[in-house]
Amino acid sequence: MPFKKDLRLLVKPYYVINILLSVSYIIAKRIPIICNYVFAQAECELDGRESEILFFLMIVIMIRTRKTGSVTMINYLSSSFVYTKVANLILWFYADIRMGILFAIIFILCGLLFPEPTYQGPENVIYLRGANGLQEELQRDTRIVWLVAFYTAWNPACVNFAPIFSELSAKYALENFKFGKVDIGRYPDAGVKYHVSDASTSKQLPTLILFKEGKEIQRRPYADHKGKLVKFLFSLDNIKAAFDLNNLYKDCKKSPIKKKEKKTVKSD
């Protein structure tokens, strides 16, 4: 199923255009007809400098996608597009400054006209305003179980995680089991209070915390007894297993919150 979803996404203009831009230089250099016209060269081969740039690009993509926790084909592509397009920009400028300028214009126009598709499915997420907003909700009714995501809008791992969290909320949310999100980039006080760093080098983004009876029960990623952060890949199955969502959902469904009945006062 995830693979079929990825294939359906790949036909959208954003992915088609970005894939073409990412391989534009290699295609132009390796196909004789295009190479002879664009570069006016008899031999269409990558020289040593071009090979070095492409090899360095591969290393950068591998490192960055591992850090962002990308686990699907779409995640890998989305995380790598910026690096592949920048590498192509350098290669085009290296070959011909006029072609580099043309590629840069196309690069910018495509970014403006074809933004990355966002999650369009159902969600049942409550967006909380900082530490005070979260604390108020936790104390309002301690019978409610909360699964809260701490994130920033600019972090690639958080962007990749957003549709997964939305999908989980649509499936598991109940009156007594709620899903919340706190943008610690916008509300840094929440990050300070719940010990989630929003630094550009932070390995805590995103962070998921489960609250029961108004208190933190567990989180991912978490620090071990030595204080070292244990890496966690935020896939659908990993989150279900780590927080035992199926059993948690069943327990909450068996014990719904009973609404207090208002006593009617009879007048004599």
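Just so we're clear, the structure is a prediction, and the values are computed from it rather than from any experiment.
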J.: Looking only at non-hydrogen atoms, find the nearest pair between Ala190 and Gly130 and report the distance.
T.: CB-C, 3.9 Å
J.: Say you draw a straight line from CD1 of Ile164 to CG of Asn238; how long is it, rounded to the nearest 0.5 Å?
T.: 9.0 Å
J.: At their closest point, which heavy atom of Leu128 faces which heavy atom of Gly180, and how far apart are they?
T.: CD1-CA, 4.2 Å
J.: Is the number of heavy atoms from other residues, nucleotides or ligands within 6.0 Å of CG (Leu112) greater than 12?
T.: yes
J.: List the residues meeting salt bridge (Lys or Arg N to Asp or Glu O under 4.0 Å) with Asp189, not counting sequence neighbours, and say none if there are none.
T.: none
J.: Can you see which heavy atom on Leu57 is nearest to which on Ala87, and at what distance?
T.: CD2-CB, 3.7 Å
J.: Applying the 4.5 Å side-chain criterion to the ILVMFWY set and letting contacts propagate, would Leu20 and Ile105 be lumped into a single cluster?
T.: no
J.: Any chance CG of Leu109 has more than 12 other-residue heavy atoms, nucleotides or ligands included, within less than 6.0 Å?
T.: yes
J.: Can Arg30 and Cys35 be said to form a side chain to side chain contact (heavy atoms under 4.5 Å, CB included), step by step?
T.: CA-CA 7 Å; Arg30 296 296 296 170; Cys35 178; over 6 Å; no
J.: Decide if atom CD of Gln139 counts as having more than 12 heavy atoms of other residues, nucleotides or ligands within a radius under 6.0 Å.
T.: yes
J.: Quick check: do Asn176 and Asp141 have side-chain heavy atoms less than 4.5 Å from each other?
T.: no
J.: Treating Ser169 as the side-chain partner and Asn124 as the backbone partner, does any N or O pair qualify as donor plus acceptor under 3.5 Å?
T.: yes
J.: Parallel, tilted or perpendicular: which fits the ring planes of Tyr14 and Phe81, with parallel below 30° and perpendicular above 60°?
T.: perpendicular
J.: Between Leu210 and Trp146, is a side chain to side chain contact (heavy atoms under 4.5 Å, CB included) present by the stated rule, with each step listed?
T.: CA-CA 6 Å; Leu210 182 68; Trp146 282 87; over 6 Å; no
J.: Ignoring hydrogens and angles, state whether a donor on the side chain of Asn132 or Tyr187 is under 3.5 Å from an acceptor on the partner side chain.
T.: no
J.: Any link between Phe103 and Ile108 through a network of hydrophobic side chains (Ile, Leu, Val, Met, Phe, Trp, Tyr) touching at under 4.5 Å?
T.: no
J.: Mark yes or no for whether Asp224, through its side chain, and Lys228, through its backbone, hold a donor-acceptor pair below 3.5 Å.
T.: yes
J.: Let me check something: do Tyr37 and Trp92 share a hydrophobic cluster, defined by ILVMFWY side-chain heavy atoms less than 4.5 Å apart, either directly or through other members?
T.: yes
J.: Do Val192 and Val182 belong to the same hydrophobic cluster, where Ile, Leu, Val, Met, Phe, Trp and Tyr are linked whenever their side-chain heavy atoms lie under 4.5 Å apart, directly or via other members?
T.: no
J.: What are the two closest non-hydrogen atoms of Asp183 and Ala153, and how far apart are they?
T.: OD1-N, 4.1 Å
J.: Nearest 0.5 Å please: distance from the OG atom of Ser197 over to the CG atom of Leu229.
T.: 10.0 Å
J.: Using a 3.5 Å distance criterion without hydrogens, assess whether the side chain of Ser255 forms a donor-acceptor pair with backbone atoms of Cys252.
T.: no
J.: Between Phe232 and Phe234, how do the two ring planes meet: parallel, tilted or perpendicular, split at 30° and 60°?
T.: perpendicular
J.: Does atom OH of Tyr127 have more than 12 heavy-atom neighbours from other groups under 6.0 Å away?
T.: yes
J.: Side chain to side chain contact (heavy atoms under 4.5 Å, CB included) between Ile126 and Glu137: does it pass, once the steps are laid out?
T.: CA-CA 10 Å; Ile126 298 170; Glu137 290 296 335; 5.5 Å; no
J.: Asn246 and Lys240: side-chain donor and acceptor closer than 3.5 Å?
T.: no
J.: Looking at Tyr249 and Lys171, what are the two nearest heavy atoms and their distance?
T.: CE1-O, 4.0 Å
J.: Are side-chain heavy atoms of Ile106 and Leu21 found at a separation under 4.5 Å?
T.: yes
J.: If the plane angle is over 60° it's perpendicular, under 30° parallel, otherwise tilted; pick one for Phe179 and Phe177.
T.: tilted
J.: Going from CZ on Arg219 to OH on Tyr194, what distance comes out if it is rounded to the nearest 0.5 angstrom?
T.: 10.0 Å
J.: Identify, with sequence neighbours excluded, every residue that meets salt bridge (Lys or Arg N to Asp or Glu O under 4.0 Å) alongside Glu136.
T.: none
J.: Validate the cation-pi geometry between Lys181 and Phe150: distance from NZ or CZ to the six-membered ring centre under 6.0 Å, angle to the ring axis within 45°.
T.: no
J.: How long is the span from the CG atom in Leu91 to the NZ atom in Lys29, to the nearest 0.5 Å?
T.: 9.0 Å
J.: For the residue pair Asp251 and Val145, establish whether any side-chain heavy-atom pair is separated by less than 4.5 Å.
T.: no
J.: I want to check something: taking the side chain as every heavy atom from C-beta on, are Trp154 and Leu205 in contact at a cut-off of under 4.5 Å?
T.: yes
J.: Are Val125 and Phe243 in one and the same hydrophobic cluster, where Ile, Leu, Val, Met, Phe, Trp and Tyr link if side-chain heavy atoms are under 4.5 Å apart?
T.: yes
J.: Roughly how far, to the nearest 0.5 Å, is the NZ atom of Lys212 from the CD1 atom of Ile144?
T.: 14.5 Å
J.: What distance separates Leu102 CG from Asp96 CG, expressed to the nearest 0.5 Å?
T.: 10.0 Å
J.: Could you tell me whether the side chains of Tyr25 and Glu50 share a donor-acceptor contact shorter than 3.5 Å?
T.: yes
J.: Short question: side chain of Asp198, backbone of Gly185 - any donor-acceptor pair under 3.5 Å?
T.: no
J.: Could you check whether Asn88 and Ser24, counting side-chain N and O atoms only, form a donor-acceptor pair closer than 3.5 Å?
T.: yes
J.: Where do Gln135 and Lys193 come nearest, in terms of heavy atoms and distance?
T.: OE1-NZ, 3.3 Å
J.: Using a 4.5 Å cut-off on heavy atoms from C-beta on, say whether the side chain of Ile17 contacts that of Leu113.
T.: no
J.: Can you find a pair of side-chain heavy atoms, one from Val148 and one from Leu208, that are under 4.5 Å apart?
T.: no
J.: Less than 4.5 Å apart, any side-chain heavy atom of Thr207 and any of Tyr222?
T.: no
J.: Counting C-beta onward and ignoring hydrogens, is there a side-chain heavy-atom pair between Ile19 and Leu10 closer than 4.5 Å?
T.: yes
